[in-house]
Amino acid sequence: VDPLTDIEYAALERSLLAEGCRDALVLWGDVLIDGHNRYEICRKHHIDFRTVQNNSFASIEDVMLWMIDNHLARRSVSDFQRGLLALRKKEIVSARMAQRMAEEPPEPTPDDMDSRPPPPWNTREEVAKAARVSSNTISQIERIQKAATPQLVEAVRAGTISINAAANVAQLPQDAQIAAVAGGRKELQQAARSVREQKQATKPKKTGPDGEPVDEKAALKAEIAALK
């Protein structure tokens, strides 16, 4: 889970100093699982706080899934952060299922092979639904995860560049990504535009029945006019 920004941390600190710690910190045994920033600020300023135990978890993975679900439900979390959290949830769920299958391999009969339900969190659509974004956005976040430099990832987190544009910039060599981030918002936008134009130029052109290239823009305009 992303740490609070300096501005968010300062706002929380002012709130705790003015109103005290109203919500209890949540523990799982001796492990603090919710309220890390509040705990730090309360200890710093000697502010009283309460704790409650949540003993419903069987493992640290259960705790992580609970924390992820809590953050996915918050309105202040950005689309990029929700996408990362949902993908992390998919990793945990998939790893647990793989371990379970290794420990207790199923023995299906030929008749019930097609009737078995698919495993949970098995599709990009399910991940996208949990993150409240489109499946295309999840694909772009995965691309950023795999290929973006830390500098580019930080630019997306800060809102300097959109997820869509960052997914395009992530296709550039690392040196080019770092240079684009150093150049600021305009340089990043230009880099993303260059990648899009290059992809468009190498995309095979559509041809009509006569074998001649189709003007896609004109064809779309004609289709819109026909629909109207």
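Because the structure is predicted, anything quoted here is derived from the model rather than measured.
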Visitor: For the side chain to side chain contact (heavy atoms under 4.5 Å, CB included) test, which of Arg193, Lys199, Gln200, Gln198 pairs with Arg196?
Guide: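 Among Arg193, Lys199, Gln200, Gln198, the one meeting side chain to side chain contact (heavy atoms under 4.5 Å, CB included) with Arg196 is Arg193.
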
Visitor: Assess the residue pair His71 and Gln81 against the criterion (side-chain hydrogen bond (donor to acceptor under 3.5 Å, both in side chains)); give the C-alpha distance rounded to whole Å, side-chain angles, the decisive distance to 0.1 Å, and a yes or no.
Guide: CA-CA 9 Å; His71 279 76; Gln81 290 171 319; over 6 Å; no

Visitor: Hey, are the side chains of Trp66 and Asn70 touching, using non-hydrogen atoms and a 4.5 Å cut-off?
Guide: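 Trp66 vs Asn70: side chains touch.
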
Visitor: Give, for atom CG of Asn164 and atom OG1 of Thr137, the distance between the pair rounded to the nearest 0.5 Å.
Guide: 8.0 Å

Visitor: Give the minimum heavy-atom separation between Ile138 and Ala131, together with the two atoms involved.
Guide: CD1-CB, 4.3 Å

Visitor: Other residues, nucleotides and ligands only: do more than 12 of their heavy atoms fall within 6.0 Å of CD on Gln190?
Guide: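 Yes, because the 6.0 Å sphere around CD of Gln190 holds more than 12 heavy atoms from other groups.
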
Visitor: Could you tell me which non-hydrogen atom of Ala191 sits nearest to which non-hydrogen atom of Ala180, and how far apart they are?
Guide: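 Closest heavy-atom pair between Ala191 and Ala180: CB-CB, 4.1 Å.
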
Visitor: Taking side chain as C-beta onward, heavy atoms only, is Val133 less than 4.5 Å from Phe80?
Guide: no

Visitor: Run the side-chain hydrogen bond (donor to acceptor under 3.5 Å, both in side chains) check on Glu91 and Ser94 step by step: do they pass?
Guide: CA-CA 5 Å; Glu91 287 177 11; Ser94 298; over 6 Å; no

Visitor: Under 4.0 Å between a Lys/Arg side-chain N and an Asp/Glu carboxylate O for Lys90 and Glu126?
Guide: no

Visitor: Within a 6.0 Å radius of atom CZ on Arg100, are there more than 12 heavy atoms belonging to other residues, nucleotides or ligands?
Guide: no

Visitor: Tell me whether Arg22 is salt-bridged to Glu19, with the criterion being a basic N under 4.0 Å from an acidic carboxylate O.
Guide: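 Answer for the salt bridge query: yes.
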
Visitor: Decide side-chain contact (heavy atoms from CB on, under 4.5 Å) for Arg38 and Ile47; before the verdict, give the C-alpha distance in whole Å, the side-chain angles of both, and the deciding distance to 0.1 Å.
Guide: CA-CA 10 Å; Arg38 285 178 288 142; Ile47 300 170; over 6 Å; no

Visitor: If you take all heavy atoms of Ala166 and Ile144, which pair is closest and at what distance?
Guide: CB-CD1, 3.7 Å

Visitor: Is it the case that one hydrophobic cluster holds both Val63 and Val26, taking links as side-chain heavy atoms less than 4.5 Å apart, direct or via other members?
Guide: yes

Visitor: Just do the side-chain contact (heavy atoms from CB on, under 4.5 Å) check on Asp34 and Met67 with the steps written out, would you?
Guide: CA-CA 8 Å; Asp34 186 55; Met67 292 176 69; over 6 Å; no

Visitor: Which atoms form the tightest heavy-atom contact between Ala148 and Gln177, and what is the distance?
Guide: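 Heavy-atom minimum between the residues: CA-OE1, 3.3 Å.
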
Visitor: Between Ile33 and Ile41, is there a shared hydrophobic cluster once you connect ILVMFWY residues whose side-chain heavy atoms come closer than 4.5 Å?
Guide: no

Visitor: Linking I/L/V/M/F/W/Y whenever their side-chain heavy atoms sit closer than 4.5 Å, directly or via other members, would Leu4 and Leu17 fall into one cluster?
Guide: yes

Visitor: For Asn55 and Trp28, which heavy atoms make the closest approach, and how far apart are they?
Guide: CA-CD1, 4.5 Å

Visitor: For a 4.5 angstrom cut-off between non-hydrogen side-chain atoms, does Leu16 reach Glu13?
Guide: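 Not touching, per the 4.5 Å side-chain cut-off.
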
Visitor: Do Leu12 and Leu25 land in one hydrophobic cluster if side-chain heavy atoms of ILVMFWY residues count as linked below 4.5 Å?
Guide: no

Visitor: Other residues, nucleotides and ligands only: do more than 12 of their heavy atoms fall within 6.0 Å of NZ on Lys221?
Guide: no

Visitor: Grouping I, L, V, M, F, W and Y whenever their side-chain heavy atoms are under 4.5 Å apart, do Ile178 and Val195 come out in a common cluster?
Guide: no

Visitor: So do the side chains of Arg50 and Cys21 get within less than 4.5 Å of each other, counting heavy atoms only?
Guide: no

Visitor: Is it the case that the side chain of Glu8 and the backbone of Thr5 share a donor-acceptor pair, with hydrogens and angles ignored and the cut-off at 3.5 Å?
Guide: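 It does hold such a pair.
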
Visitor: Before accepting this row, confirm whether a basic side-chain N of the pair Asp69/Lys89 lies closer than 4.0 Å to the acidic partner's carboxylate O.
Guide: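 Yes, this pair counts.
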
Visitor: Return the CZ to OG distance between Arg124 and Ser135, rounded to the nearest 0.5 Å.
Guide: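 Answer for the CZ-OG pair, Arg124 versus Ser135, is 7.5 Å.
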
Visitor: Only counting residues at least two apart or in another chain, list the ones meeting side chain to side chain contact (heavy atoms under 4.5 Å, CB included) with Leu27.
Guide: Leu32, Thr51, Gln53

Visitor: Can you confirm whether Gln174 is buried at CD, in the sense that more than 12 heavy atoms of other residues, nucleotides or ligands lie under 6.0 Å from that atom?
Guide: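 It does not: Gln174 CD has 12 such atoms or fewer within range.
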
Visitor: Do Phe57 and Met64 make a side-chain contact, defined as non-hydrogen atoms from C-beta onward lying under 4.5 Å apart?
Guide: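 Answer no - side chains too far apart.
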
Visitor: Spell out, as yes or no, whether a donor-acceptor pair under 3.5 Å connects the side chain of Arg82 to the backbone of Val77.
Guide: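 Flag set: sc Arg82 to bb Val77 pair under 3.5 Å.
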
Visitor: With sequence neighbours excluded, tell me which residues meet ring-ring contact (aromatic ring centres under 6.0 Å, His included) with Tyr39.
Guide: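 ring-ring contact (aromatic ring centres under 6.0 Å, His included) list for Tyr39, sorted by chain: Phe49.
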
Visitor: Locate the shortest heavy-atom distance separating Arg185 from Gly159; write the atom from each residue and the value.
Guide: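 For Arg185 and Gly159, the tightest heavy-atom pair comes out as NH1-O, 3.7 Å.
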
Visitor: Going through the checks in order, is the side-chain hydrogen bond (donor to acceptor under 3.5 Å, both in side chains) test met by Gln99 and Arg96?
Guide: CA-CA 5 Å; Gln99 183 178 359; Arg96 295 177 86 176; over 6 Å; no

Visitor: How long is the span from the CD1 atom in Ile163 to the OG atom in Ser78, to the nearest 0.5 Å?
Guide: 7.0 Å

Visitor: Among Ile161, Ile141, Asp79, find the one that has a side chain to side chain contact (heavy atoms under 4.5 Å, CB included) with Val156.
Guide: Ile161

Visitor: Just checking, is any N or O donor in the side chain of Ser56 or Asn54 under 3.5 Å from an acceptor N or O on the other one?
Guide: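 Checked: Ser56/Asn54 side chains pair up, N/O donor to acceptor below 3.5 Å.
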
